[in-house]
Every structure is written in structure tokens, then in C-alpha cells.
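Labels below follow one simple rule: chain letters A, B, ... track the order of the sequence lines, proteins then strands, and each chain is numbered from 1.
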2 protein chains.
Amino acid sequence: MTESTPIRTQTERADQTRARILDAATREFSENGLSGGRTEQIAEAAGVNKALIYYYFQGKEALYVAALESVAQRMVANSLRVLSFDCSAGERLLHSALHHFDRIYSEPVFQKLMQQEMIRMTKGESNALSPIVETLFKPLGEKTRELIDEGIRLGELVPVDSTQVMYAALGANVFYFLSAPMMCMMNDFDPFSRPALEFRRKAAIEYLGQTVFTDREHGMQAAARVLAATPMPLTIKPPTALNTKTGDQEIFSAPTMADEQRPK
Amino acid sequence: MTESTPIRTQTERADQTRARILDAATREFSENGLSGGRTEQIAEAAGVNKALIYYYFQGKEALYVAALESVAQRMVANSLRVLSFDCSAGERLLHSALHHFDRIYSEPVFQKLMQQEMIRMTKGESNALSPIVETLFKPLGEKTRELIDEGIRLGELVPVDSTQVMYAALGANVFYFLSAPMMCMMNDFDPFSRPALEFRRKAAIEYLGQTVFTDREHGMQAAARVLAATPMPLTIKPPTALNTKTGDQEIFSAPTMADEQRPK
DNA sequence: GTTAATTTACTAACCAGTTAGTTAAAAACG
DNA sequence: CGTTTTTAACTAACTGGTTAGTAAATTAAC
């Protein structure tokens, strides 16, 4: 099981255990939500006893919040980096949109957790996000809107409501993956297949170039540059790749740890 | 409880009871999904004994499918009507987008059910939608894409991938409501408030007018016409208006909803 | 040998589905 | 038309399985 670990100090082992639990919880909750996630399953996936969860965390909900927080932290850090690229506002918008698209299928846990959380909050249930919003989401949203407004001010982007640009750009991406299971049935093609993803990310960026840029020609060129600069990441199987009925609670995150074994 | 009903024939009463169960199930499942929905709660809301659910339906899942089907039927019928308005392809696209936006907050059950169902399907769980897809969603999607392609062919719309136009138009709307709870916290304003909805529906349609129309001026005029022709519907409180902790399974729905067969 | 890490064994609550029965409408009968 | 029989609609109470959480015992580290 853990032969590779060469006997560490107690605190090191403890930190490792805690991290394994948090990691397993992230996967379980992202698949099944807070109420649907099973503590027994988390414990099994982490290779520990269920009671240990209550040793390291106050309870199921506290574990959920911790998982949400850790995953949001990583996501925001990456997004902020992209927003600071050294190019025009419009082109940075395209970079952000493409990064957003690529992130959803290559690291789907954040998206899935957020979806579940939005539904939970709509039901008026306890707010697990609020500690994160101020420090993480608000700065990111702020910076994105500033970017769009700058593009509009300089005449590069069409003068429309900047929030609507965000909704359209992000919404198209989110909706692509949200509706994927249904599109699968409607057109019997798999939106998660590599060709489909390749086509869609290109279409999404070119669409933005053609539509939100005042000079459509300039927009198309920017889109072409952005696409050329950003190769499509190796996809990590998005659905239940991690559902380890097999019992091995090994590392899952290895980026290059090959995909292949996709649905259909 | 049902003194107002002037003693009907047995089958009439039975039909009514079945409808009450289906209606209660629709609400319960739309809030909590299939696995989260409680049969006891459905029975209570319908004013019947839990065992009656199993008398009228094969089980929890069959009830869920029936609820999904009935609500999808109404939704598709309305959407198809809007797609057949007597105006240019571009303008019909705007009409569809606005109708889609208005529907989500005025009749939120369908959207909520679909969201939950997409998550369920992504998890690879049993497919409750497939009977509906062929007969309902496929024709609607087909007709929408044809509409956009017609607009492009006639030069009214910008020549981009027509599917991407759908993703952008629908996605922006879906994402607005999906992200509403978070936006609520980020900007402390309520996306479901009347002024916010009023602003957003206008912005969304004007955005489409400015962006997907070849002639931006023409697009703006079309957007203005569409907005003028479609007053904002009376909003029905979308969040937990139905969460009857109080125990009364009374009427929930506000006026002007077109549908019939409501409890009491 | 003391403390931290981890497990075993439990419980109280919850929940989908069933059973065995009651009520009253409808049908059959005289 | 009134009475009896049948059957459809409906209910109370239970069953078996699941699950979050806990207390006490055990093991490993320092």
C-alpha cells in the first residue's frame, strides 16, 4: 500500500493522512455533493478508518468546507496568472476564456463542487462558501471585469455591459459541459472526446473574436494567436475515474499519467 | 381539507390524487434531486399516505421520470411556439433567448430538474431522460440550429459555428441563474430581484444584437423590438418558497401561471 | 511511559419500500 | 329500489438496510 514511504516522523505521517482524507473528500463530494457524499467512502478511498475523519475534522460539513477551500485556492491562483498575460485586454479576455474552458475538463473537481454548491445555496442551506468569496472569488471577478472594461474603454471591445460579456464567455463554457450528457444523447457524439473538445475550444474562442471585438478582423487574429499559444492539455478522464472500488487509494493527480480509457 | 371539492366520481378523485402526487414530486425532486428527494415529503405535500405513491407509481425512480417528462412537455411546447414567431431569423433568435431567460426564473422547476439530472447522468447513473430526448429535445434543438443557420445563410448573422451561438446564448442565461447565489455574496445584490432581472434580460438581448448580427445597428433595433414586444413576466419567488418546514402543504404558486391542475 | 494516531464496535436516526388492513364507491343481485 | 358483494382508493405501522457520528480500546511514536 504505502511501501514507497520510507518511515517518516509522526507529524509528517499525520499531515500526509490529513491530506489523503482531504483529497478523497474532494473527489467524493465533487461527485455526490455534501448530502450525497458518504464518509465511509471517503475513508475507504483515503485508506483510513471512518473515525479518523472525525479526529482530523470537526465533521462532515467541516470537511466539505475544507475541500472546497483548497480546491478554490488552486483554481483562483491559476486564473489570476492568466489574467496577467502581457497582451491587449481583448486578447487577455480570450486567454482567460480558453483557460476556463480547458480547466473544466482537465481538472473537473472545482466545477463539479461549485455546481453542487450553487444548488445547495439556492435551497437556502448553510453557506460553505462565504469565507472563500471575499478572499478568492471577489478579487478574481473584479479583475476580470476591469479587464473587459479596459478593452471597451480603449475601443478594442464592443461597448456592451461588461458583466454580460462575462456571463456569455463563461456561460458558454459551463453550459457546454453541463449539457454534455444530453448532447451525448441528442447527437450521439461525445462532447468529452478529444476531437469534440478540440473543435469546441476553437469555436468558442473564434466566436468571441468575431463577436465582442469591435474590429472583427482583429478579433479573429487575436483568437488565432491565443489558440496557437495554448495547446490543448492532456485530458484527464472527467467522470468517475477516481471511483476506486479497487481499493487502491493511490495518487490520482499525476498530470501526465495518461488518459485513454475514456467512455465509449 | 378537500371540502371545496363537490364530491366527484371515484375515478375523477383518483386522477386528481395522482396529479397531486406528481405535482408534489416535481417540486420535491426539483429542489433535492432524485436521491435527495424524500418520498415521505412528497406524500405529505400531496396530502396522501406514502404508500399511495407506490400504488400509483412503480417506485421513486418511476415517479421521478414521470415528473421530468410532464415538466419537459410543457417547456418544449412553449419554446417551439416562440421559434415560430413571424419575423426574421435573427429576431426569432432574440425572441427565443429572451423566452429562455424569462422561463428560468418564472418557472424554475424545469431548469432545476435538468441541472440535477445532468449531474446524475455525468455520474453515469440510470438514464431517466432518454425517452424524452428523442420526442422532445431533439426536435427543439434541431429547429433552433436551423434558425441560426438560416440567419447566417441570409447574412443577417455573423458566420460562426451555429452550435457555438446556441451555447453562448443559452449558456449566458443558465449561468446567470446558476451563479446567482455566488454573485449575491460577491456584489451583495440579489440577481433575482426585479430590477436586476429587468436589467439583465435587457443586457442579454442587446448583447446578442450587438454581437451576433452582421449589421450591429440592425441587431440593436431587433433587440429593441423584441424587448418592447415582451414585457417581463410576474416573477415567482424561485428559491425555497416551497420548503414547508411549517407543515402546511398549501398552494405555492403565484398567479398567472398558465398551467392547471394545482392542488386545491 | 506518555501522548498522538488509528481502529473496533457501537447507536440513534433516517428512509425506501411493504404488509395487512380499512373505507367507500361501484357493480351485481333479487 | 334496496341489499349484498366486489373492488378501487387509501392508511397505519412496520421492515430491512443505510449512515453520520461517538466512545473506548489499541497501536505506534518519541
Task: Nucleotide dT19(D), atom C1' - distance to OH of Tyr64(A) in whole Å - done: 18 Å
Open item on the list: Output the rounded distance in Å from CD1 (Ile53(B)) to P (dT18(C)).
Closed with: 13 Å
Open item on the list: Whole angstroms only, please: what is the CD-P distance between Glu40(A) and dC10(C)?
Closed with: 16 Å
Open item on the list: For residues 100-111 of chain A, which residue pairs pass the salt bridge (charged side-chain N to carboxylate O under 4.0 Å, His left out) check, not counting sequence neighbours?
Closed with: Asp102(A)-Arg201(A)
- [ ] Find the distance Gln58(B):CD to dA16(C):C1' and express it as a whole number of Å.
- [x] 15 Å
Open item on the list: What is the separation between atom CZ on Phe57(B) and atom P on dA16(C), rounded to the nearest whole Å?
Closed with: 16 Å
- [ ] Going 5' to 3' through nucleotides 8-13 of chain D, assign each nucleotide B (protein heavy atom under 4.0 Å from a base atom), S (under 4.0 Å only from sugar-phosphate atoms) or - (no protein heavy atom that close).
- [x] BBBBB-
- [ ] Please name all residues satisfying salt bridge (charged side-chain N to carboxylate O under 4.0 Å, His left out) with Arg18(A), sequence neighbours left out, ordered by chain then number.
- [x] none
Task: Whole-Å gap separating C1' (dA20(D)) and CD1 (Ile42(A)) - done: 11 Å
Open item on the list: Output the rounded distance in Å from CG (Asp15(A)) to C1' (dA4(C)).
Closed with: 13 Å
Open item on the list: Over all strands shown, is Gly37(B) touching base, sugar-phosphate only, or nothing at heavy-atom distances under 4.0 angstrom?
Closed with: sugar-phosphate
Task: Presence of Arg38(B) side-chain N/O under 4.0 Å of dC14(C) phosphate oxygens OP1/OP2 - done: no
- [ ] Evaluate whether atom CD of Gln58(B) has more than 12 neighbouring non-hydrogen atoms of other residues, nucleotides or ligands under 6.0 angstrom away.
- [x] no
Task: Rounded distance in Å - CG (Leu34(B)) to P (dC15(C)) - done: 14 Å
Task: Pairs involving residues 118-138 of chain B, ordered by first then second residue, that meet ring-ring contact (aromatic ring centres under 6.0 Å, His included) (sequence neighbours left out) - done: none
TODO: Only counting residues at least two apart or in another chain, list the ones meeting side chain to side chain contact (heavy atoms under 4.5 Å, CB included) with Ala180(B).
DONE: Pro191(B), Phe192(B)
Open item on the list: Show every ring-ring contact (aromatic ring centres under 6.0 Å, His included) that has at least one partner inside residues 33-53 of chain B, sequence neighbours left out.
Closed with: none
